[in-house]
Amino acid sequence: GAVVSQHPSWVICKSGTSVKIECRSLDFQATTMFWYRQFPKQSLMLMATSNEGSKATYEQGVEKDKFLINHASLTLSTLTVTSAHPEDSSFYICSPQGTGRRGGSTDTQYFGPGTRLTVL
Amino acid sequence: QKEVEQNSGPLSVPEGAIASLNCTYSDRGSQSFFWYRQYSGKSPELIMSIYSNGDKEDGRFTAQLNKASQYVSLLIRDSQPSDSATYLCAVSTGGTSYGKLTFGQGTILTVHP
């Protein structure tokens, strides 16, 4: 199956700092990237959807100026949490969708391993 | 009303028993339905996808979909302790290309020896 990596796997930062999370699809071309977050003991909530080379579309209630998404290439998308605060502490998970290097669509959902963000 | 709702749980079953997980959804335009398993601290992993009414079996897992009732379920036969996890129901309005997923709140399953 497709391989998706996220970096870092966990991060602890002070309130007010910015944190960048990378999501790489290692063996297929991610034309679309979904970013989810999961607060403790809650389910996954979609934050935003980005298409390669275009601006991201954010879900209601998600601040686009706080959660900056860059999807400049088919193998890399980044989520930057700017001026992080304790309420941003969460598990952030990317989910790419696209085509395999040998063609065909990824009709199977893949999730990255997630990034645990803790803001002190 | 939640868009995707799962039976509240937690659910506890003995090893070897059948675990039954249920999910209802509100959007009649939903076309794709998924069951994920999530272990603590890990990201979800896909167990089953189902797109048309009826049953779909894969090993010990059977997904059932009833679009008229807006209901999807997952049966786990011969439950094992390793099946202990949170099970997430997810729904998409996309076709077989999954698109944006709306998740239920999850049901915690414990299989005890």
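The figures here come from the full heavy-atom set of this structure, side chains too, leaving out hydrogens, waters and symmetry mates. Naming: A, B, ... by sequence-line order, numbering from 1 per chain.
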Q: Report whether B/Val72 and B/Tyr87 are members of the same hydrophobic cluster (ILVMFWY, side-chain heavy atoms less than 4.5 Å apart, transitive linking).
A: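 Linked, B/Val72 and B/Tyr87 end up in one cluster.
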
Q: Take atom NE2 in A/His7; do more than 12 heavy atoms of anything else shown fall under 6.0 Å from it?
A: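 Count not over threshold, so no.
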
Q: Is it the case that the side chain of B/Ser43 and the backbone of A/Gly112 share a donor-acceptor pair, with hydrogens and angles ignored and the cut-off at 3.5 Å?
A: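 Confirmed, B/Ser43 side chain pairs with A/Gly112 backbone.
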
Q: Going from CD on B/Gln38 to OG on A/Ser43, what distance comes out if it is rounded to the nearest 0.5 angstrom?
A: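 That separation rounds to 7.5 Å.
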
Q: Is there a chain of hydrophobic side chains (I, L, V, M, F, W, Y, each step under 4.5 Å between heavy atoms) that links A/Leu74 to A/Leu76?
A: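 No: no chain of side-chain contacts under 4.5 Å links A/Leu74 to A/Leu76.
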
Q: List the steps and the verdict of side-chain contact (heavy atoms from CB on, under 4.5 Å) for A/Met45 and B/Phe103.
A: CA-CA 7 Å; A/Met45 295 290 290; B/Phe103 285 85; over 6 Å; no

Q: Quick check on the hydrophobic clustering: are B/Phe33 and B/Met48 connected, directly or via other members, by side-chain heavy-atom contacts under 4.5 Å?
A: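 Same cluster.
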
Q: Ignoring hydrogens and angles, tell me if any N or O in the side chain of A/Tyr36 forms a donor-acceptor pair with the backbone of B/Leu101 under 3.5 Å.
A: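 Between the backbone of B/Leu101 and the side chain of A/Tyr36 there is a qualifying donor-acceptor contact (under 3.5 Å).
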
Q: Between A/Gln42, A/Gln38, A/Gln6, who has the most heavy-atom pairs with chain B when the cutoff is under 4.5 Å?
A: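 Maximum pair count with chain B is reached by A/Gln38.
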
Q: Mind checking whether A/Leu79 and A/Val11 sit in one hydrophobic cluster, side chains of I, L, V, M, F, W, Y counted as touching below 4.5 Å?
A: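 Yes; tracing contacts between hydrophobic side chains, which count when under 4.5 Å, links both residues.
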
Q: Counting only non-hydrogen atoms closer than 4.5 Å, can you tell me which residues of residues 81-93 of chain A sit against chain B?
A: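 When heavy atoms of chain B are the reference, residues 81-93 of chain A contributes A/Phe91, A/Ile93 within the under-4.5 Å range.
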
Q: Please check if atom NZ in A/Lys66 has more than 12 non-hydrogen atoms from other residues, nucleotides or ligands closer than 6.0 Å.
A: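 Buried by this count: over 12 neighbours within 6.0 Å.
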
Q: Under 4.5 Å, counting heavy-atom pairs only, tell me which of B/Pro44, B/Gly106, B/Ser40 racks up the most with chain A.
A: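 Ranked by contacts with chain A, first place is B/Pro44.
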
Q: Report the residues that fulfil side chain to side chain contact (heavy atoms under 4.5 Å, CB included) with B/Ser69, sequence neighbours left out, ordered by chain and then residue number.
A: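 Applying side chain to side chain contact (heavy atoms under 4.5 Å, CB included) to B/Ser69 gives B/Asn66, B/Tyr71.
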
Q: Are there more than 12 heavy atoms of other residues, nucleotides or ligands under 6.0 Å from atom NZ of B/Lys67?
A: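 For B/Lys67, atom NZ is crowded (more than 12 foreign heavy atoms under 6.0 Å).
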
Q: Please indicate whether B/Ile108 has more than 12 foreign heavy atoms, meaning atoms of other residues, nucleotides or ligands, lying under 6.0 Å from its CD1.
A: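 Result for CD1/B/Ile108: open.
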
